[in-house]
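Notes follow once the structure below has been shown.
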Number of protein chains: 2
Amino acid sequence: MESRPRMTKQRQVILEELRMMHTHPTADELYERVRDRLPRISLGTVYRNLEKLAASGMIRRLEKTGSQMRFDGDLHDHQHIRCILCGRIEDIEAEPEPTHCDYKLVAGTGFRLIERRVEYVGVCPACEAKKGKM
Amino acid sequence: MESRPRMTKQRQVILEELRMMHTHPTADELYERVRDRLPRISLGTVYRNLEKLAASGMIRRLEKTGSQMRFDGDLHDHQHIRCILCGRIEDIEAEPEPTHCDYKLVAGTGFRLIERRVEYVGVCPACEAKKGKM
DNA sequence: TTAATAATAGTAATTATTACTAATAATAGT
DNA sequence: ACTATTATTAGTAATAATTACTATTATTAA
């Protein structure tokens with residue numbers, strides 16, 4: 001029945017590395033990083049811990065980013081901009097508080113509004129440069 | 001080298017059914033529906049056509065909503081609200097034109113802004129009712 | 001220290017999607 | 001309408017991300 005969680009060495013390292021990274025890594029990117037410190041850790045452990053940490057609110061799970069899930073150890077209120085070409089994600093200091101107007105729109109659907117997510121999509125400088133050369 | 005596309009019976013039916021559905025179906029949901037009219041069609045054909053139709057701008061691909069991709073045959077400018085419990089997606093008549101403020105925010109990142117997507121997340125009436133009974 | 005059990009490593013299974021291939025059928029040009 | 005070209009299909013196999021399983025290990029409370 002799984003009660004109080006334990007702070008294992010693996011969970012600790014995963015959390016620390018994710019918080020240091022700032023690149024919104026995928027599970028396997030983080031796995032590669034964590035292996036420098038814990039060479040015998042398994043990918044399944046990384047997935048399981050990311051799941052647990054996200055469920056407990058200690059990290060953020062970024063949904064809808066290409067074929068893989070991405071994670072963010074930075075909990076401060078911010079949004080993201082994603083490169084439509086290479087998939088890179090960077091932070092943006094937007095404040096997407098739902099407005100009065102949002103609540104009115106949502107009222108028509110019968111839903112109870114929890115959150116309004118704003119995602120910016122564009123082309124990152126690196127990809128723009130690459131494109132210019134073709 | 002793949003030049004001019006052909007309007008096959010399969011592509012026609014997939015497009016028609018998607019336009020009729022209004023439920024933002026996944027590929028396999030649409031596959032089930034289309035099979036009523038074309039019993040021998042394969043799932044791969046549905047995927048391939050959804051890909052082609054989205055690339056040509058005839059339908060919209062709703063990215064990463066849960067584990068499966070969803071599609072929308074309604075091209076009119078609108079946004080979506082998703083139920084965080086059951087995954088159901090409904091339409092919302094929001095107009096998310098990027099504002100002056102958005103462009104200023106994005107300028108700091110060096111990205112060229114293409115689109116601002118707004119997604120509303122909440123609890124749908126059905127799930128709210130279910131929750132009330134527990 | 002010890003007992004209870006959450007978490008792990010390693011591996012297998014699952015699931016959505018994509019790739020492959022021989023056969024079929026939509027279109028352009030005659 | 002006939003034919004050649006080749007995009008598309010059905011069927012199946014392959015891929016890739018994620019999750020599940022299981023015996024073993026290690027964290028925590030008492």
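Residue numbers start from 1 in every chain, and the chains themselves are labelled A, B, ... in the order their sequence lines are given, proteins ahead of strands.
- The side chain of Lys52(A) approaches dA7(C) more closely than any other nucleotide in the set dA7(C), dA16(C), dG10(C).
- By the 4.5 Å heavy-atom criterion applied to side chains, Tyr31(B) and Ile41(B) are counted as neighbours.
- Summarising the base pairing, dT5(C) is matched to dA26(D) through a Watson-Crick or G-U wobble pair whose two defining distances lie under 3.5 Å.
- Between dT27(D) and Gln10(A), no contact under 4.0 Å exists linking OP1 or OP2 to a side-chain N or O.
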| task | List the steps and the verdict of side chain to side chain donor-acceptor pair (under 3.5 Å) for His24(A) and Asp91(A). | result | CA-CA 9 Å; His24(A) 316 91; Asp91(A) 294 334; 2.7 Å; yes
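- For the side-chain contact (heavy atoms from CB on, under 4.5 Å) with Leu30(B), the lone residue among Val34(B), Thr26(B), Asp28(B) that qualifies is Val34(B).
- Here Tyr47(B) reaches the OP1 or OP2 of dT17(C): one of its side-chain N or O atoms lies under 4.0 Å away.
- Nearest to the side-chain atoms of Gln68(A) among the listed nucleotides dA10(D), dT18(D), dT8(D) stands dT18(D).
- Between His76(A) and His78(A), the angle of the ring planes stays under 30°, which puts this pair in the parallel group of the 30/60° scheme.
- Asn49(B) places its CG atom 15 Å from the C1' atom of dT17(C), with the value rounded to the nearest Å.
- Remark: P of dA16(D) and OH of Tyr31(A) are 17 Å apart, rounded to the nearest angstrom.
- Side-chain nitrogen and oxygen atoms of Arg48(B) include none within less than 4.0 Å of the OP1 or OP2 phosphate oxygen of dT8(D).
- Two residues, Glu51(A) and Ile14(B), neighbour DNA chain D, and the one matched to the more 5' nucleotide by heavy-atom proximity is Ile14(B).
- Annotation: of the two residues near DNA chain C, Gly44(B) and Met7(B), the 5′-most nearest-nucleotide partner is Gly44(B).
- With hydrogens and angles ignored, no donor-acceptor pair under 3.5 angstrom links the side chain of Arg4(A) to the base of dT28(D).
- With Glu16(B) as the partner, the salt bridge (charged side-chain N to carboxylate O under 4.0 Å, His left out) test is satisfied by one option alone out of Lys9(B), Arg37(B), Arg33(B): Arg37(B).
- Of the side-chain N and O atoms in Arg6(B), none sit less than 4.0 angstrom from OP1 or OP2 of dT6(D).
- Per the geometry, CG belonging to Leu38(A) stands 14 Å off C1' belonging to dA7(C), to the nearest Å.
- Rounded to an integer number of Å, the gap from Arg61(A) CZ to dA17(D) P is 17 Å.
- Partner assigned to dG29(C) is dC2(D), using Watson-Crick or G-U wobble distances below 3.5 angstrom.
- When distances run from any side-chain atom of Ile41(A) to the nucleotides dA9(C), dA7(C), dT8(D), the shortest one goes to dA9(C).
- When the side-chain nitrogen and oxygen atoms of Arg40(A) are compared with OP1 and OP2 of dG10(C), one or more of them lie within a distance under 4.0 Å.
- Residue Leu43(A) contributes atom CG, which lies 15 Å from atom P of dA12(C) at whole-angstrom precision.
- Taking side-chain N and O atoms only, Lys9(A) has no distance below 4.0 Å to OP1 or OP2 of dT27(D).
- Per the geometry, CZ belonging to Arg70(B) stands 16 Å off C1' belonging to dT17(C), to the nearest Å.
- Comparing Thr8(B) and Ala27(B), the nucleotide of DNA chain C nearest to each residue sits closer to the 5' end for Ala27(B).
- The separation between Glu29(B) atom CD and dA16(C) atom C1' is 13 Å, rounded to whole Å.
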